[in-house]
Number of protein chains: 2
Amino acid sequence: MGKCEQCIIKEFNALKSLTKEELMRVSACKTGRLYKKGQIIFEEGETLNGVYCVRDGVCKLSKLSENGKDQVVKLVVKGGLLGKRSLVTEQKTNLSAVALNDMEMCFIPKSEIMSDLSKNPKFTMDVLREMAHDLKESDESLVNMAQKSVKRRMAEILMYIHDNFGTDNEDYLSIVLSREDYASIVGTATESAIRILSQFKKEGLISTRGKQIKIEDYGSLKWIE
Amino acid sequence: MGKCEQCIIKEFNALKSLTKEELMRVSACKTGRLYKKGQIIFEEGETLNGVYCVRDGVCKLSKLSENGKDQVVKLVVKGGLLGKRSLVTEQKTNLSAVALNDMEMCFIPKSEIMSDLSKNPKFTMDVLREMAHDLKESDESLVNMAQKSVKRRMAEILMYIHDNFGTDNEDYLSIVLSREDYASIVGTATESAIRILSQFKKEGLISTRGKQIKIEDYGSLKWIE
DNA sequence: TTTAAAATATGATATTTGTCATGGAATTTT
DNA sequence: AAAATTCCATGACAAATATCATATTTTAAA
């Protein structure tokens with residue numbers, strides 16, 4: 001396993017604000033973890049005693065609703081940090097994390113990073129900024145859920161994945177999700193998600209190959225309502 | 001206007017972690033502001049250069065959706081801080097704040113409080129904790145919006161207001177909102193909000209007197225689905 | 001490869017929610 | 001107090017979405 005101070009992943013998250021010395025200390029105590037597609041990283045209600053740094057792969061952060069359905073709150077890819085909240089609260093985590101494909105992660109124990117949080121203001125501010133960003137995104141999703149149609153939300157998540165996580169060399173979305181996952185992101189029944197994607201396909205907005213999805217007409221997707 | 005260091009409001013937010021000296025400095029530069037019911041405190045897209053500390057009254061934080069409807073994201077009462085995000089980001093605010101009744105607030109310029117944020121780790125951690133809490137709440141609302149029926153959401157907001165903001169001496173909810181506000185919190189059409197409240201009334205779950213609402217049967221409200 | 005299981009697809013139908021229209025009640029303004 | 005305005009209420013209907021049922025296809029397992 002590599003050293004944190006040389007890992008380029010850190011550039012994408014708050015860890016970049018740690019000093020070289022701090023990073024070396026973190027590096028010494030971190031543990032690498034591999035997760036297979038579908039594997040649970042942690043579950044709602046668990047006590048996390050550290051943060052996870054995503055080196056490769058994608059996972060979903062979700063929360064179980066009282067009706068028994070899972071709602072995806074956020075997708076996290078390479079460079080993302082999981083469990084930031086655990087650094088500031090003693091509370092158990094309110095979200096579950098599940099790998100959507102094979103993943104490679106580093107786990108950094110809370111004990112090791114807490115001192116940095118109190119001593120390195122630059123790092124703290126960075127964590128604060130990331131949290132503020134998450135909050136803004138969450139508020140936006142909240143408004144979308146409350147005010148937009150399922151079809152619109154589906155169009156938006158396709159564009160979101162396209163814009164933020166990119167495509168492979170054949171223009172297929174690089175993140176491959178099941179229809180059930182799409183339903184659980186958009187907040188609808190699986191059948192409805194399937195129906196809408198079928199409709200998009202018929203209308204030539206997207207094309208599919210197995211689970212893979214390619215956006216064929218971004219411009220029109222944008223104006224779906 | 002009183003002095004921050006003697007103001008009991010601060011006990012309810014991150015300002016409690018400032019030292020006496022810091023509080024005196026803040027006190028010297030803060031400005032008191034009064035807002036009347038319905039008055040706009042700030043609007044989405046504005047640049048906030050400070051935080052607002054709510055001394056009295058209630059306001060709603062909302063965001064305009066693309067469909068032209070306002071979605072309430074959070075209610076803030078005595079002790080709450082508005083504009084925390086502005087302390088960590090240069091970005092314009094993503095929310096609007098509107099007074100729901102007459103309000104009394106203190107405005108603390110960003111410039112004055114920023115130095116504390118970088119020098120007083122206890123304060124920073126407190127802001128971080130509040131932000132983490134907001135994020136958790138926002139995620140929960142997101143899941144509720146996505147997975148629960150309008151009726152359920154209405155029942156929950158009534159209970160939320162009851163539990164968090166209390167009642168007057170006749171058991172009426174101490175926060176009085178228009179049906180339109182309820183609709184915009186729950187994320188539904190005003191007519192739907194009206195209809196549901198009427199139904200609750202018919203079923204004896206609540207009673208009303210003008211705009212005032214009294215919860216008559218908390219137990220049953222809890223089991224609405 | 002065959003079988004079993006899971007995921008996708010689609011129809012039929014029920015339920016929920018939104019929209020438009022209209023009237024009455026409450027509040028504010030003149 | 002009258003008029004005007006805003007808010008609340010409710011019916012009728014339309015649209016969106018969920019649910020149930022049942023194929024079909026794809027994927028995983030034996």
Side-chain angles (χ1 to χ4, degrees), chain A residues 36-39 65-71 98 100-102 144-158 172 176-203 206-214 224-225, chain B residues 36-39 65-71 98 100-102 144-158 172 176-203 206-214 224-225:
Chain A
K36 275 179 287 184
K37 178 181 173 179
Q39 203 178 338
S65 175
E66 285 162 35
N67 65 4
K69 286 187 191 162
D70 237 17
Q71 175 64 42
V98 176
L100 289 174
N101 48 35
D102 291 354
N144 288 344
M145 284 295 171
Q147 303 280 353
K148 294 180 181 172
S149 71
V150 173
K151 204 194 288 182
R152 186 76 226 270
R153 268 139 56 195
M154 183 64 83
E156 290 192 357
I157 187 65
L158 291 174
Y172 285 96
V176 176
L177 300 171
S178 69
R179 304 295 196 251
E180 197 182 357
D181 280 328
Y182 274 108
S184 147
I185 292 172
V186 163
T188 190
T190 306
E191 296 96 320
S192 299
I194 289 173
R195 245 181 266 274
I196 288 171
L197 287 175
S198 298
Q199 194 194 337
F200 284 177
K201 206 157 62 173
K202 269 185 206 138
E203 293 170 352
I206 64 171
S207 63
T208 63
R209 187 173 63 189
K211 276 196 217 280
Q212 293 181 90
I213 294 180
K214 189 196 300 193
I224 290 276
E225 52 177 284
Chain B
K36 274 179 289 184
K37 178 181 174 180
Q39 203 178 339
S65 176
E66 286 163 34
N67 65 5
K69 287 186 192 164
D70 237 18
Q71 177 64 41
V98 176
L100 289 175
N101 47 35
D102 292 353
N144 288 344
M145 284 295 171
Q147 304 279 354
K148 295 180 180 171
S149 71
V150 173
K151 204 194 291 184
R152 186 76 227 267
R153 269 139 57 197
M154 182 65 82
E156 289 192 358
I157 188 64
L158 291 174
Y172 285 97
V176 176
L177 300 170
S178 69
R179 304 295 195 252
E180 196 183 357
D181 281 327
Y182 275 108
S184 147
I185 292 171
V186 163
T188 190
T190 305
E191 296 94 321
S192 298
I194 290 172
R195 245 182 268 273
I196 288 171
L197 288 175
S198 298
Q199 195 194 336
F200 284 178
K201 206 158 63 172
K202 267 184 208 139
E203 291 169 354
I206 63 172
S207 61
T208 62
R209 187 172 62 188
K211 276 196 216 281
Q212 292 181 89
I213 294 180
K214 189 196 299 193
I224 288 276
E225 50 177 285

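Keep in mind that this is a model prediction, so the values were computed, not measured. Here is how names work: the chains are called A, B, and so on, in the same order as the sequence lines, proteins then strands, and each is numbered from 1.
How far CG of B/N144 is from CD of A/E66: 7.0 Å, rounded to the nearest 0.5 Å. The CD atom of A/Q212 lies 11.5 Å from the CG atom of A/L177; values are rounded to the nearest 0.5 Å. We find the CD1-CE distance between B/I185 and B/M145 to be 9.0 Å, quoted to the nearest 0.5 Å.
Between B/M145 atom CE and C/dT17 atom C1' the separation is 14 Å, expressed in whole Å. If you take CD1 of A/I213 and P of C/dT8, they are 9 Å apart, rounded to a whole angstrom. Taking atom CG on B/N67 and atom C1' on D/dA16, their separation rounds to 15 Å, with Å as the unit. Atom CD1 of A/I206 is separated from atom P of C/dT8 by 12 Å (rounded to the nearest Å). In this structure, B/Q199 places its CD atom 12 Å from C1' of C/dT16, rounding to the nearest Å. Taking atom CD1 of B/I196 as the reference point, atom C1' of C/dG18 lies 12 Å away to the nearest angstrom. Put simply, CD on A/E225 is 14 Å from P on D/dA15, counting in whole angstrom units. Note: NZ (B/K202) to C1' (D/dC8) measures 13 Å, nearest angstrom.
Under the 3.5 Å distance criterion, the side-chain polar atoms of B/N67 are matched with a main-chain donor or acceptor of A/Q147. The closest donor-acceptor contact from the side chain of B/Q71 to the backbone of B/S184 lies under 3.5 Å. A/N101 places no side-chain N or O within 3.5 Å of a backbone atom of A/K37 that could act as its donor or acceptor partner. For the pair A/S149 (side chain) and A/E225 (backbone), a donor-acceptor distance under 3.5 Å is present.
Contacts between residues 187-195 of chain B and DNA chain C, defined by a heavy-atom separation below 4.0 Å, involve B/T188, B/A189, B/E191, B/S192, B/R195, listed by number. Shown for residues 148-157 of chain B: residues whose heavy atoms fall under 4.0 angstrom of DNA chain C, namely B/S149, B/V150.
Taken over five-pair windows at either terminus, the axes of the helix from C/dT1-D/dA30 to C/dT30-D/dA1 are inclined to one another by 50° (rounded to 10 degrees).
Looking only at side-chain heavy atoms (C-beta outward), B/T188 and B/Y182 stay at 4.5 Å or farther from each other.
OP1 and OP2 of D/dA18 both lie 4.0 Å or more from every side-chain N or O belonging to A/K69. In this model, the phosphate group of C/dT10 is not approached by any side-chain N or O of A/K201 to a distance below 4.0 Å at OP1 or OP2. The shortest distance between the side-chain N/O atoms of A/S198 and the OP1/OP2 oxygens of C/dT8 is not below 4.0 Å.
A/I224 and A/R152 get closest at one heavy-atom pair: O-CD, 2.6 Å. Summarising the geometry of A/S178 relative to A/K211, their closest heavy-atom pair is CB-NZ, 4.0 Å, with the distance given to 0.1 Å.
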Donor-acceptor list for residues 191-202 of chain A side chains, cut-off 3.5 Å, not counting sequence neighbours:
unit_1, atom_1, unit_2, atom_2, d
A/S198, OG, A/I194, O, 2.9
A/Q199, NE2, A/E203, OE2, 3.0
A/K201, NZ, A/T208, OG1, 3.1

What nitrogen or oxygen pairs link the protein and nucleotides 4-7 of chain D at under 3.5 Å?
unit_1, atom_1, unit_2, atom_2, d
D/dC7, O3', B/K211, NZ, 3.3

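Residues passing the salt bridge (charged side-chain N to carboxylate O under 4.0 Å, His left out) test with A/D70: none are found, sequence neighbours excluded.
The local environment of CD in B/E180 is sparse, with at most 12 non-hydrogen atoms from other residues, nucleotides or ligands closer than 6.0 Å.
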